[in-house]
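Have a look at the structure below before the remarks.
Proteins come first, then strands; the chains are lettered A, B, ... in the order of their sequence lines, and each starts at number 1. Just so it is clear, the model here is predicted, and its values are computed rather than measured.
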There are 2 protein chains.
Amino acid sequence: MKTKDLILIVEDDPGISKMLQFTLTQDGYGCVIAENLKSAYRLFQVNNPDIILLDLGLPDGDGKTLIKNVRSQAMTPIIVISARHAEQEIVAALDTGADDYVLKPFSGIELSARIRSAQRRLLGIIPSQQHIVCGELVLQIETLIVSKNETILKLTPTEFNLLKYFMLHPNQVVTHSRILKEVWGVGYQHEMHYLRTFVNSLRKKIENDPSRPQYIITQMGVGYRFYCQNDSISKE
Amino acid sequence: MKTKDLILIVEDDPGISKMLQFTLTQDGYGCVIAENLKSAYRLFQVNNPDIILLDLGLPDGDGKTLIKNVRSQAMTPIIVISARHAEQEIVAALDTGADDYVLKPFSGIELSARIRSAQRRLLGIIPSQQHIVCGELVLQIETLIVSKNETILKLTPTEFNLLKYFMLHPNQVVTHSRILKEVWGVGYQHEMHYLRTFVNSLRKKIENDPSRPQYIITQMGVGYRFYCQNDSISKE
DNA sequence: ATACTTATCAAGAACTTGTCAAGATTTCAC
DNA sequence: GTGAAATCTTGACAAGTTCTTGATAAGTAT
């Protein structure tokens with residue numbers, strides 16, 4: 001069995017919490033249910049859930065207290081589910097540290113999507129993709145293979161690392177010293193000549209016209225900018 | 001004027017986008033506005049905004065395309081603002097990679113709170129880009145990029161420093177010697193000629209009609225004044 | 001009109017970046 | 001281990017930008 005992500009449901013109405021539990025179990029999550037603040041906080045500490053669903057109106061106090069307590073020690077996504085439609089309630093909950101605010105009655109399907117979104121953010125922070133695509137260029141991180149329009153390019157290790165760094169920072173200006181530090185290592189910040197030489201040889205391999213580069217663009221006095229347009233707008 | 005976080009507003013209804021711009025400027029953000037997908041993607045690439053507000057119904061296609069394109073290279077928070085209440089629309093947008101989905105008509109105050117929530121999540125994970133915004137001009141401090149509308153301007157280092165100084169001191173008269181001291185360094189206070197030459201070349205690049213400048217305005221006998229429309233709010 | 005300030009243009013100097021190739025070092029196969 | 005091949009390092013020079021400077025035109029105030 002796969003390990004499931006755990007969701008802490010904080011809700012005093014058994015009807016709703018049972019319904020939530022049913023839906024979320026269907027979606028493949030594990031659930032723990034708290035019916036009041038005290039038990040919610042204890043379950044949070046004990047179980048370290050991946051996501052918290054929180055109803056604000058609880059018998060022993062305002063749910064915002066829980067938000068505050070959780071935020072003081074973790075970034076666990078908190079999705080508030082509430083019947084309180086008042087604007088200042090929503091704002092207060094969000095500003096206390098909630099990630100999202102869903103109004104009752106809510107759609108189970110939408111809630112699932114919002115849970116997925118919260119999860120994705122948590123994971124997506126370090127996007128560990130297998131390959132990076134920039135225009136005609138495809139770089140496979142694992143296999144160290146770079147291809148341009150179906151043809152495999154023959155890059156040396158340093159060239160590959162440099163290109164990888166560029167492709168991981170598309171459309172941003174990166175300074176000479178930054179590139180040198182990231183690709184060659186600390187202590188190489190001033191070896192500009194390395195960078196020039198390797199940019200030169202990279203251009204020869206990836207650019208259509210190396211004398212008029214369209215990928216590696218030099219930013220005079222600063223560094224380089226890797227231009228990348230993944231344009232699917234024109235199509236579909 | 002301080003540097004601001006930049007918000008890209010993608011919205012084809014000028015009434016709504018103007019309203020958003022007003023609210024967000026009040027809140028201390030810089031804004032750029034796109035009225036269609038194509039321009040939105042370009043502005044995203046050029047300006048590296050900190051947050052994207054996206055209306056799904058655009059003249060040249062579905063906003064989800066933009067979500068896809070943005071997500072292929074960055075984790076920039078995307079808040080969808082839409083009149084489409086249908087559940088499957090919301091789910092689709094969230095699953096494509098949107099961070100939040102706000103229904104029209106929306107409350108400005110709630111939107112601000114949702115923006116703050118999105119920003120808070122990013123804190124410490126992705127260092128926020130610092131921008132200075134003046135009318136159509138957006139200057140990115142760390143990447144040394146200046147853009148006007150959708151195009152990146154090609155400025156030399158000295159031109160950039162001069163423009164940065166101007167944009168950091170908008171709507172105030174700065175004397176020749178002051179600019180020279182700040183931009184070129186102590187000892188250059190009397191090199192008026194430098195200043196004239198560089199103001200000249202800057203005007204050629206940033207002004208719509210360099211012979212009738214609207215940004216860099218000469219203050220006879222004193223110095224220059226950099227005119228900036230949307231600076232009425234934030235003071236240092 | 002005159003004196004003064006500001007704008008424009010262009011050419012050479014100074015600096016930054018690009019190119020190429022030879023020597024040094026590492027890697028890999030045998 | 002040894003030698004061949006590939007890769008990295010280094011230097012010299014070319015090409016390209018940007019800065020500095022001077023000359024001249026345009027604009028303003030008295």
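Computed from coordinates, the A/Glu159 CD to D/dT9 C1' distance equals 14 Å when rounded to whole Å. Per the geometry, CD belonging to B/Gln219 stands 14 Å off C1' belonging to D/dT28, to the nearest Å. In this structure, A/Arg225 atom CZ and C/dT17 atom P are separated by 16 Å, rounded to whole Å. In this structure, A/Asn161 atom CG and D/dT7 atom P are separated by 13 Å, rounded to whole Å. A straight line from CD1 of A/Ile216 to C1' of C/dG18 spans 13 Å, rounded to a whole angstrom. In this entry the distance linking CE of B/Met192 with P of C/dT8 reads 17 Å, nearest Å. A/Leu202 has its CG atom 15 Å from the P atom of C/dC20, to the nearest Å. What separates CG of B/Leu162 from P of D/dT20 is a distance of 13 Å, to the nearest Å.
With C/dT6, D/dT9, C/dG18 as the candidates, the nucleotide lying closest to the side chain of A/Tyr194 is D/dT9. The side chain of B/Trp184 lies closest to D/dT20, out of D/dG11, D/dT20, D/dT7. Considering only side-chain atoms of A/His193, the nucleotide from D/dT28, C/dT8, D/dG11 that sits closest is D/dG11. You'll find that the side chain of B/Met220 is closest to C/dT5, out of D/dT18, C/dT5, D/dC8. The listed nucleotides are D/dT18, D/dC8, C/dG18; the one nearest the side chain of B/Pro157 is D/dT18.
Looking at A/Asn149 and A/Thr151, their side chains never bring a donor and an acceptor atom within 3.5 Å of each other.
For the pair B/Ile7 and B/Leu53, the minimum side-chain heavy-atom distance is below 4.5 Å.
Here B/Arg196 does not reach the OP1 or OP2 of C/dT8: none of its side-chain N or O atoms lies under 4.0 Å away. Within the structure, every side-chain polar atom (N or O) of A/Thr158 is placed at least 4.0 Å from both OP1 and OP2 of D/dT7. Applying the 4.0 Å criterion to OP1 and OP2 of C/dT6, one finds that B/Thr218 has every side-chain N and O outside that range. Between B/Asn200 and C/dA7, a side-chain N or O to OP1/OP2 separation shorter than 4.0 Å is absent. For C/dC9, the OP1/OP2 oxygens have no side-chain nitrogen or oxygen of B/Thr197 closer than 4.0 Å. Between B/Lys204 and C/dC9 there is a side-chain N or O to OP1 or OP2 distance below 4.0 Å.
Taking the charged nitrogens against the carboxylate oxygens, B/Glu11 and B/Lys18 have no contact shorter than 4.0 Å, which rules out a salt bridge. Remark: B/Asp99 engages A/Arg121 in a salt bridge, criterion side-chain N to carboxylate O under 4.0 Å. Note on B/Glu89 versus B/Lys64: salt bridge recorded, some NZ/NE/NH1/NH2 to OD/OE distance being below 4.0 Å.
Residue contacts for A/Tyr224: at a heavy-atom cut-off of 4.0 Å it reaches the sugar-phosphate backbone alone, with no base atom in range.
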